[in-house]
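Please read the structure below before turning to the comments.
This structure is a prediction, so every number in the text was calculated from the model and none was measured. Whatever order the structure lists them in is the order used to number ligands and atoms, beginning at 1.
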Amino acid sequence: MERAKSRKPHIMMIPYPLQGHVIPFVHLAIKLASHGFTITFVNTDSIHHHISTAHQDDAGDIFSAARSSGQHDIRYTTVSDGFPLDFDRSLNHDQFFEGILHVFSAHVDDLIAKLSRRDDPPVTCLIADTFYVWSSMICDKHNLVNVSFWTEPALVLNLYYHMDLLISNGHFKSLDNRKDVIDYVPGVKAIEPKDLMSYLQVSDKDVDTNTVVYRILFKAFKDVKRADFVVCNTVQELEPDSLSALQAKQPVYAIGPVFSTDSVVPTSLWAESDCTEWLKGRPTGSVLYVSFGSYAHVGKKEIVEIAHGLLLSGISFIWVLRPDIVGSDVPDFLPAGFVDQAQDRGLVVQWCCQMEVISNPAVGGFFTHCGWNSILESVWCGLPLLCYPLLTDQFTNRKLVVDDWCIGINLCEKKTITRDQVSANVKRLMNGETSSELRNNVEKVKRHLKDAVTTVGSSETNFNLFVSEVRNRIETKLCNVNGLEISPSN
Ligand SMILES: O=c1ccn([C@@H]2O[C@H](COP(=O)(O)OP(=O)(O)O[C@H]3O[C@H](CO)[C@@H](O)[C@H](O)[C@H]3O)[C@@H](O)[C@H]2O)c(=O)[nH]1
């Protein structure tokens, strides 16, 4: 018993190898380390390569500054995702995901086995992304406490969790899906099929649901039901019904927003441009920030319409355009002369420190693809949103933003957009009556986010509860291994 108790709990954390997942994982890692856990953070070789290239630090351990400034016990290692470094994962999306589905877990298994021979204290808990299909298998094999980290809204988890209901009611995976409102999912009063995640909006007539994305979804949301704990990057007060429905099934903790405004850990996969000089002296709230995140692609036609719409609007803007926004094989996508026409009114960068830019007082609105991190960050900074969801959870996130919280407006119902539509909506977002209403509403939602992370707030309380439950579970496991019969409270 004493031997078990004296061992520091050691958590291995493995984010999904995508930007929007790595960032919240890093912040959660630092928070757990500051609560006395030993953390081993695992990035894929490819993610590590991108981060260290972007930050011009090839040998880098991304946690070195955090370790010395906070005296945290965070170790950092990398693992192969099964593909060579120069394999284009964005261009060969499905092949890459087949690897993540079938091959990646063997590398993780191998890494844990290696660490357990070498590491002190031994790894006793795994926090893996909910989209991984192998967490329970790995945890069973290595006797680890199994924690699933969900980086999207609870509403989205709740809908995936109840995919079987959507299928049996004919809203998903039937030849011709029902189009009426869905009102039978526990914790979801009503949701229209157009607000489901993109993957659940298709019928069997149009799409083959045996493709790799669906095989991952079906397996991952079965596997999450076997997790000991689920932590969600959301706030109890913002999504009480979905969270209660999930909490009725298994221990689920809303601990968001999980981010830090002064992080010393490099996480960007692309080199960041500094926008501070450009923003200097611009009137408060006058600049629109435009970004479509790290993963989704936008058609060249749409990029051209957005570009013209931004010019037509007369509003100043910073537009993040990753080199692969259309596709890594399409390097030229902006209309000829765009940058010259924008003159001093527009800045185009391939990537930036988003939190730093949107917290600048000159920025007054966010034109977004509705990635969940961007929504949380935008609310944190008090910015209303112009929503242009592209895929996956982004449609469902838009429902929360536009319909439930009334802090944003829709760019369009369909994917096709026109420059006039862009210009009109940018102006509505930034100035006038709609803009003031949205800003008032954002302040209310922002209050929930800020309150949640105070020492008595819901997220902080949930986090502390989670920490103590995980500790107990780890101790119980260690004692069982050592042949000691104890209850967690001993
Ligand atoms: O120039 C930029 C642009 C973005 N970011 C950061 O990158 C993250 C982007 O995350 P998110 O807004 O969630 O978008 P994606 O990168 O597209 O995230 C993926 O992961 C999210 C969380 O699981 C999902 O909600 C999205 O649909 C999915 O595409 C945020 O933290 C931003 O602050 C930067 O630092 N600089």
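Taking only nitrogen or oxygen atoms, main chain and side chain alike, H21 reaches within less than 3.5 Å of ligand 1. For a threshold of 3.5 Å applied to N or O pairs, the pair formed by C352 and ligand 1 contains at least one separation below that value. The distance criterion of under 3.5 Å between nitrogen or oxygen atoms is not met by T392 with respect to ligand 1. For ligand 1, one of its N or O atoms has an N or O atom of T151 under 3.5 Å away.
Here the protein heavy atom with the shortest distance to atom 12 (O) of ligand 1 is S374 OG, 2.5 Å. The protein heavy-atom contact nearest to atom 33 (O) of ligand 1 is E377 OE1, 2.6 Å. Nearest non-hydrogen protein atom to atom 16 (O) of ligand 1 is S294 OG, 2.4 Å. Closest protein heavy atom to atom 19 (C) of ligand 1: G20 CA, 4.1 Å. Ranking protein heavy atoms by distance to atom 10 (O) of ligand 1, first place goes to N373 ND2, 3.3 Å. For atom 8 (C) of ligand 1, the closest non-hydrogen atom of the protein is I23 CD1, 3.7 Å.
By the 6.0 Å contact criterion, NZ on K446 is enclosed, its count of non-hydrogen atoms from other residues, nucleotides or ligands being greater than 12. By the neighbour-count criterion of 12 heavy atoms within 6.0 Å, atom NZ of K301 is sparsely surrounded, having that number or fewer from other residues, nucleotides or ligands. Counting heavy atoms of neighbouring residues, nucleotides and ligands inside a 6.0 Å radius, atom NZ of K222 does not exceed 12 of them. Within a 6.0 Å sphere centred on NE2 of H162, other residues, nucleotides and ligands contribute more than 12 heavy atoms.
Proximity of F366 to ligand 1, defined as any heavy-atom pair under 4.0 Å, is not found for any part of the residue. Under 4.0 angstrom from ligand 1, the non-hydrogen atoms of H369 all belong to its side chain. Counting heavy atoms closer than 4.0 Å to ligand 1, residue Q354 contributes atoms from both its backbone and its side chain.
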Trace of the ring pair (Phe, Tyr, Trp, His ring centres under 6.0 Å) decision for F25 with F149: CA-CA 8 Å; F25 261 80; F149 183 22; 4.9 Å; yes
Could you give me the CA-CA distance, side-chain angles and deciding distance for D45 and T78, then say whether side-chain hydrogen bond (donor to acceptor under 3.5 Å, both in side chains) is met? CA-CA 5 Å; D45 293 333; T78 63; 2.7 Å; yes
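Figure legend: K225 and Y161 shown as a cation-pi pair, the cationic atom lying under 6.0 angstrom from the six-membered ring centre and within 45 degrees of its axis.
Residue contact check: Y289 has heavy atoms under 4.0 Å from atoms 1 (O), 2 (C), 3 (C) of ligand 1. Residue Q394 has at least one heavy-atom neighbour below 4.0 Å for each of these atoms of ligand 1: 26 (C), 27 (O), 29 (O). Near E152, meaning under 4.0 Å from one of its heavy atoms, ligand 1 places the atoms 22 (C), 23 (O), 24 (C), 25 (O). Short contacts between ligand 1 and D393, defined as distances under 4.0 Å to a heavy atom of the residue, involve ligand atoms 24 (C), 25 (O), 26 (C), 27 (O). Atoms of ligand 1 lying under 4.0 Å from at least one heavy atom of S291, given by number and element, are 3 (C).
Contacts of P240 classified as side chain to side chain contact (heavy atoms under 4.5 Å, CB included), with partners at least two apart in sequence or in another chain: none. Not counting sequence neighbours, R345 has no partner by the salt bridge (charged side-chain N to carboxylate O under 4.0 Å, His left out) test.
With hydrogens and angles disregarded, a donor-acceptor distance shorter than 3.5 Å links the side chain of S34 to the backbone of K31.
Within the 4.0 Å heavy-atom cutoff, F149 does not count among the residues contacting ligand 1.
Of the N and O atoms on the side chains of S328 and D88, at least one donor lies less than 3.5 Å from an acceptor on the other residue.
Counting heavy atoms only, W351 comes closest to atom 5 (N) of ligand 1 of the residues F259, F292, W351, Y16.
Taking the six-membered ring for Trp and the full ring otherwise, the centers of H369 and Y295 sit at least 6.0 Å from each other.
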